[in-house]
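Note sheet for the following structure.
Because the structure is a prediction, the values reported are computed rather than measured. Naming convention: chains lettered A, B, ... in sequence-line order (proteins, then strands); numbering from 1 in each chain.
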Amino acid sequence: MTQTPTASSDRAITDFGIDTTTLSTAEAVRDYLARVRAGQLGSLPALLGLIALVIMFSALSDVFLSLNNVANLLAQGAGQTMIAMGIVFVLLVGEIDLSAGTASGAAGAVLAMHFVHDGNLLGGMGSTVFIVFNLVLALAVVLALLLRIWPGAALAGVAIVISVSGMTANPWLEMLLALCVGAAMGCITGFLVARIGMPSFVVTLALFLTWQGVILQFIGEGGTLGISSSPVLNKVANGNLSTLGSWALFAVGAGGFGALMLGQHFSRLRRGLVTQPTPLVLFKVGGVAALGAVATMLLTINRSPNPSIVISGVPYVVPIVLALLTLGTYVLNRTSYGRHIYAVGGNREAARRAGINVTKIRASVFIVSSSVAALGAIVYSSKVGSVDAQAGGLNTLLFAVGAAVIGGTSLFGGRGRVFDAVIGGTVLAVVANGLGLLRQPAAVVAIVTGLVLLLAAMVDALSRRRAATAGR
Amino acid sequence: MTEPILELHGLNKSFGPVHVLHDVDFAVRAGEVTALVGDNGAGKSTLVKCIAGIYTSDSGDVRFQGEEVHIRGPKDAAALGIEVVYQDLALADNLDIVQNMFLGRERGSGWLLDEASMERAARETLASLSVRTVKSVRTPVASLSGGQRQTVAIAKSVLWDSKVVLLDEPTAALGVAQTRQVLDLVRRLAEQGLGVVLISHNMADVFEVSDRISVLYLGRVAAEVQTKEVTHGQVVELITAGRSGELGLARPDSAVL
């Protein structure tokens, strides 16, 4: 057959022309607007909503935009936001983790018990519970080995070592223990979902109840385990960086972001690959740097309502959340593991045929979710100063899932970013904080939060429908 | 006649009591398009999946470039250079063209993907196949048309220095112009020296691009013929009845005698 000129060669204007050249700024903006119109909204609605909420609350309450309240708001929302960041991984593969909240509570309970009993978990739990606890951890190691997820097995193993060795209380050791216990719980969830093939909704619903029982067992009905007597554990959510440290954080954060963005941009430009226009990249980097500088400056001003003490500096939760955000974004965008998570969420069969170990990917996201939830537990326990039987229960999980969804992560898998969780978590924190300042009763807070979530889900559904009709 | 690059002998496959493939002989030659035709349930897809390593065959030899090989999984087939483009495409909608083309075989270390090299290779491959309908290699697959998706799926299969490409109903869901593009692409693959297997229901497509036709009838190879030497009608008879005049399976009564 001869190579007859076909209809395609008439359209050769687009012969990768767009690929090799850089878009002009105007074209890039038009391109972005076209994508928004086509329904690819990302976290834009959440950002706009956040701005609207901030304007509304600052108009209604004088206190809302006060420095003290802003810093407080950041610390209040951080734990929940971190749990949401872990859940994004699970949502990306199209699963759900209902147990992340109580799993975080259980990890927090173990942390608090280790601290209160000075490392003597055997004494704190009683011998039967202690033996069962370690057997479950050992089971988690075995399951992780069966799944061939070595980091999961290693973390669960470390939990056994810490628990059995009975090392004396040390805040850093306790935080590591919480992380490891979280990972161990994730190994169990992951195995049941990915290897046994149970629906994640049922598995995590059952484990939600189970971990809640575990927390009760560890803490006792109506009991609390205080951790605020440890300076380190107390400072995680209540402490601030020094002024110098705050500016150092700004330098590292903004400088790192700028170096990364510009380095990538110019290296792509040099190799003749698709790039955004240089002015736009410079504008983005400049914008982030300016925002960071203003925020750092405001947070280093003394914000204490009491003239006799000085409170200033960026709260520790900011670098903690930023570090987790950076790590999560890097893993999802720059590693093959992250790429495979998106692929499994987008088309599981395609991923399987491409040779991706779908079982392992699906199991691993539950380990990520539970581990990150345990880190969240450290932050919210530190904020409250204690761990009680309700830790991680009630609405913790639903708020975390809500935060991810409000930020633009899809419940159907394949679409979402860790950044979405941060935006969504901030929206929920602002709603709770703002309504609290306005002295609204709990009923109103719950109703408004629910409506915000409903609105976010509606925007997602509408944009999805838009994308389905405009996409082709 | 060139030596076949991929040769199957006496392949059998059963699913429980159902014997799907009976002593199938099949050959693919480099630089040729071999059409694999047959009615629904004749065993075409099963044969393709056996070659691709998704199913393991119960018995039979597979020779690749003259050497006997054992294909135990999709990775074995991919390592030999056998690629399959499936009917249901096997592309992830949420990923862009480059990400899809390199899915499962990303370049760079696992801890830092080499996006630049992947993007360039994807573009070069599309250009070498004279694909002009895709605006940017960073377009998400969700926003491509059916023909463009099929093009990406086929381009993905040649990216890997592959030697045999099996296409399962590549034009089934496409319009006239898009079918045209895909058939051109199929021909171009053969011209680049690959062994191409085209599975199709559409006789017009088969006669247009194939050099050779293998007909499956109820899990048996009814005939393997040169496209030039047969007519439409003969092939349709082979598909529906298993024989046509002298061609095809022996008549049951003559087998008894």
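Top candidate by heavy-atom pairs under 4.5 Å with chain B, chosen from A:Ser336, A:Gly338, A:Gly414, A:Ser267, is A:Ser336. Heavy-atom pairs under 4.5 Å with chain A were tallied for B:Gly73, B:Ser109, B:Ala116, B:Ala52; the largest tally goes to B:Ala116.
Scanning both residues, B:Glu119 and B:Val137, for their nearest heavy atoms gives CG-CG2, 3.8 Å. Taking both residues in full, the closest heavy atoms of B:Leu103 and A:Ala350 are given as CD2-O, 4.5 Å, listed atom of the first, atom of the second, then distance. Of all heavy-atom pairs spanning B:Val20 and B:Gly43, the tightest one is CG1-CA, 4.2 Å.
For A:Arg334, the parts sitting under 4.5 Å from any heavy atom of chain B are the backbone and the side chain alike. Using a 4.5 Å cut-off between heavy atoms, B:Glu106 contacts chain A through its side chain alone, with no backbone atom that close. For B:Leu95, the part lying near chain A is the side chain, with the backbone staying farther off; criterion is any non-hydrogen pair under 4.5 Å.
Using a 4.0 Å cut-off between charged nitrogen and carboxylate oxygen, B:Glu115 and A:Arg339 count as a salt-bridge pair. Look at B:Arg187 and B:Asp184 and you find no salt bridge, because none of the NZ, NE, NH1 or NH2 atoms lies under 4.0 Å from a carboxylate O.
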